[in-house]
There are 2 protein chains.
Amino acid sequence: MKLLSSTKSFDGLQQQFRHDSEVLNCPMHFSVYLPQLAEEKREHRFPVLYWLSGLTCTDENFSQKAGAQRMAAELGIVLVIPDTSPRGDGVADEPEYDLGQGAGFYLNATQEPWKQHYRMYDYVLQELPQLIEANFPVNQRRAICGHSMGGHGALVIGLRNPERFTSISAFSPIANPMACPWGEKAFGAYLGADRSTWEEYDATVLLGRAMERLPILVSQGEEDQFLEEQLKPHALQAAAEACGYPLKIEHHAGYDHSYYFIASFIEQHLRFHADYLLAH
Amino acid sequence: MKLLSSTKSFDGLQQQFRHDSEVLNCPMHFSVYLPQLAEEKREHRFPVLYWLSGLTCTDENFSQKAGAQRMAAELGIVLVIPDTSPRGDGVADEPEYDLGQGAGFYLNATQEPWKQHYRMYDYVLQELPQLIEANFPVNQRRAICGHSMGGHGALVIGLRNPERFTSISAFSPIANPMACPWGEKAFGAYLGADRSTWEEYDATVLLGRAMERLPILVSQGEEDQFLEEQLKPHALQAAAEACGYPLKIEHHAGYDHSYYFIASFIEQHLRFHADYLLAH
């Protein structure tokens, strides 16, 4: 693990690292925000919020544009921000923005040419937390949050692993990927033609089957240009109503799909997670 | 004036415009943040904070990375963010980042080939406020703030025109450009070899001559890589002490020259300006 940069932010440190991922079989970048680590706090262990970004992003978009450090510093939460796919010349790719590098969809691919590297599900669930918990002043309380493709990833990884997380939230998630063009294209390529294998990566399907019910907050802008065709929060809401899952989904008039929307509501999401991450 | 984009942010609108600048003799982009304009507030006129960005920036860096909208919304202040130089194929340029496009230094050039377009001083002081005050729900209370080259610009434009502004602030300003490599290169090119003409664009010189004393806040990171060679806040501080100017200059341990520094202290700067912009 190599430190690439370290920048003071709200009394803490915004850092970027490179490491060789065994799971993804390539070098990866990730970013971390550490609240103030004064000498007197050196023994303190912080809980962690994992943030998963959307299509085309790296670990830098959220770090630079969401304004999350202010509340993370105030609440005492470490932020961990992985990249959105394996990367590099030796990693399969497509010229389109919605498949290949920058579009890992937080799943374990089973098909050629993707399966050698595209295992973001295992990376985010296992390898990255192990690395974080071995090298940073954190405890084992974890929450997960994301935007768009990363909102899908947060919902899927959280719903399938309720013992690993205290809470889940998402901005503008791809909530029912089996039934939208982005999801059908990516799942078809990464998972193959058998749609039954897609279900374990579809938040709307998983929510209906959830035995343990983590708190979930979803924020959606009503002027989001991808709302009806790609995101389908109403499918998730219907699944929650059908099974009585206490999903909190908020529709915000006038907001679009951008980081300006995320920045406007990141404080609410951090406070939501803090209620569980910091609970006694 | 053409609206290029409009994005909801913290209940207000982040907008980008293009217009044909007479002063700069080229089309220009600028950005505006408007706090919530609910129907019942339609008659309200907001004060304006002008933000001047640093070398290589456009109007988008501050808009996306500083997190200023939150406090602008809360306090009720319009943000206006111009580009950092004239732009376009017909505008003189140099390949280096510190001269030409992206490096206008907020002055009126007198030398060839610059003088046909490089008049950012008049643009920021006159043309842009006229445009803003004719087209947006603002009053004539103005404050000015900036970063690095833009901190220089804010100090110079504010100190020379105290009747136009309520208050001045700067992050990491080029505080004594006549005595640093960036300033000597730019002033030599734009203003020519006669250094006496440089003085009207040097904050340290101007502060020592100021008859009317606007409130000034300067924030400087102690780990800023440009601190000693380019920024020279101590020269500004010495000038203030020599003449008894009540300059408030704060040195922050550990912070660098980046937008992470700006984001960490933008709330303080907005509250500083609000004390004057919103005073009865």
Side-chain angles (χ1 to χ4, degrees), chain A residues 4-16 31-39 57 60-74 79 81 171-172 219-225 227 250-268 270, chain B residues 4-16 31-39 57 60-74 79 81 171-172 219-225 227 250-268 270:
Chain A
L4 300 178
S5 69
S6 182
T7 307
K8 195 166 177 180
S9 165
F10 287 95
D11 275 337
L13 292 175
Q14 178 72 34
Q15 300 186 316
Q16 190 183 43
S31 287
V32 173
Y33 178 71
L34 300 169
Q36 185 177 19
L37 298 174
E39 287 299 310
C57 288
E60 297 195 301
N61 303 67
F62 180 78
S63 301
Q64 296 178 352
K65 295 183 176 179
Q69 292 90 354
R70 183 179 62 88
M71 285 309 300
E74 181 174 325
L79 306 174
I81 308 132
F171 291 87
S172 331
S219 296
Q220 176 62 57
E222 291 184 353
E223 297 302 316
D224 189 320
Q225 69 265 43
L227 179 59
E250 297 187 344
H251 299 274
H252 296 284
Y255 286 93
D256 71 4
H257 198 67
S258 72
Y259 266 88
Y260 289 113
F261 173 52
I262 297 171
S264 298
F265 294 95
I266 193 69
E267 175 172 342
Q268 181 196 4
L270 280 158
Chain B
L4 301 178
S5 69
S6 182
T7 307
K8 195 166 178 181
S9 164
F10 287 96
D11 275 337
L13 292 175
Q14 179 72 34
Q15 300 186 316
Q16 190 182 42
S31 287
V32 173
Y33 177 70
L34 301 169
Q36 185 178 19
L37 297 174
E39 287 300 310
C57 287
E60 296 195 300
N61 304 68
F62 180 78
S63 301
Q64 295 177 352
K65 295 183 176 180
Q69 292 89 355
R70 184 179 62 88
M71 284 310 299
E74 181 174 325
L79 306 174
I81 309 133
F171 291 88
S172 331
S219 297
Q220 177 62 56
E222 291 184 353
E223 297 303 315
D224 189 320
Q225 70 264 43
L227 179 59
E250 298 188 342
H251 299 274
H252 296 283
Y255 286 93
D256 71 4
H257 199 66
S258 72
Y259 267 88
Y260 289 113
F261 174 51
I262 298 170
S264 298
F265 294 95
I266 193 69
E267 176 172 342
Q268 181 197 4
L270 279 159

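Throughout, protein chains are lettered first and strands after them, A, B, ... in sequence-line order, and every chain is numbered starting at 1.
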Taking salt bridge (charged side-chain N to carboxylate O under 4.0 Å, His left out) as the cut-off, I'd like each qualifying pair that reaches into residues 255-267 of chain A, sequence neighbours left out, listed once.
Arg70(A)-Glu267(A), Glu267(A)-Arg271(A)

Any donor and acceptor pair, going by atom type alone, linking the side chain of Lys8(A) with main-chain N or O of Glu223(B) inside 3.5 Å?
no

Side-chain donor/acceptor of Tyr255(A) to backbone N/O of Thr7(B), under 3.5 Å
no

Between Ala73(B), Gly254(B), Ala66(B), Gly221(B), the one whose heavy-atom pairs under 4.5 Å with chain A are most numerous
Gly254(B)

Phe261(B) side chain reached by Ser9(A) side chain, heavy atoms, under 4.5 Å:
no

Tyr259(B) portion near chain A, given a 4.5 angstrom heavy-atom threshold:
neither

Atom group of Gln64(B) that falls short of 4.5 Å from chain A, counting heavy atoms
both

